[in-house]
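Structure record follows, encoded as structure tokens.
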Amino acid sequence: MASEPTITTHVSAVTDGTTRVFTWEEGARIEVRNLGSEIVIEANAAGLKTLASHLLTLAQNGTPDGAHLHLEENNGLEEGSVGLVLERCDDE
């Protein structure tokens with residue numbers, strides 16, 4: 001049985017001359033809800049792999065402090081989601 005490609009979307013971001021590619025797994029579903037005292041990130045398996053990939057991309061050597069990715073409703077997140085920013089911060 002041949003495996004199908006799992007990556008459907010690539011986004012390239014250039015920060016300080018360094019290009020980082022963020023990818024979404026096929027069928028990824030990610031929803032972010034603000035419940036007041038806590039934030040819930042609910043995702044299917046493909047969505048969890050996508051988030052993990054985004055975090056690993058930001059963690060790569062050479063990625064500058066402050067590099068970030070905005071995820072919003074209909075831009076990586078399900079309808080009704082609150083915005084989510086993944087940001088690298090190396091300050092102590």
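The analysis underlying the following values was restricted to heavy atoms, covering all of them including side chains, and did not include hydrogens, waters or symmetry mates.
Taking Ile, Leu, Val, Met, Phe, Trp and Tyr as members and joining any whose side-chain heavy atoms lie under 4.5 Å apart, directly or through other members, L48 forms no hydrophobic cluster with any other residue.
When every heavy atom of I30 is checked against every heavy atom of S81, the shortest pair comes out as O-OG, 3.9 Å. Closest non-hydrogen pair, E26 versus A46, comes out as O-CB, 3.5 Å.
The one candidate from L51, V85, T50, V82 that meets the side-chain contact (heavy atoms from CB on, under 4.5 Å) condition with L71 is L51.
Side-chain atoms of D65 and D91, non-hydrogen and from C-beta on, do get closer than 4.5 Å to each other.
Within the 3.5 Å criterion, the main-chain N or O of A52 finds no donor-acceptor partner in the side chain of H54. No donor-acceptor pair closer than 3.5 Å links the side chain of N34 to the backbone N or O of I39.
Interatomic distance, L84 CG to H68 NE2, rounded to the nearest 0.5 Å: 12.0 Å. L58 CG to R88 CZ: the interatomic distance, rounded to the nearest 0.5 Å, is 8.0 Å. To the nearest 0.5 angstrom, F22 atom CZ is 5.0 Å from L69 atom CG.
Sorted by first then second residue, the salt bridge (Lys or Arg N to Asp or Glu O under 4.0 Å) pairs that include residues 41-52, not counting sequence neighbours, are R29-E42, R33-E42.
With sequence neighbours excluded, the residues forming a side chain to side chain donor-acceptor pair (under 3.5 Å) with Q60 are R20, listed by chain and number.
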Q.
One pair to check against side-chain contact (heavy atoms from CB on, under 4.5 Å): L55 and L86. What are the steps and the verdict?
A. CA-CA 7 Å; L55 293 171; L86 305 176; 4.1 Å; yes
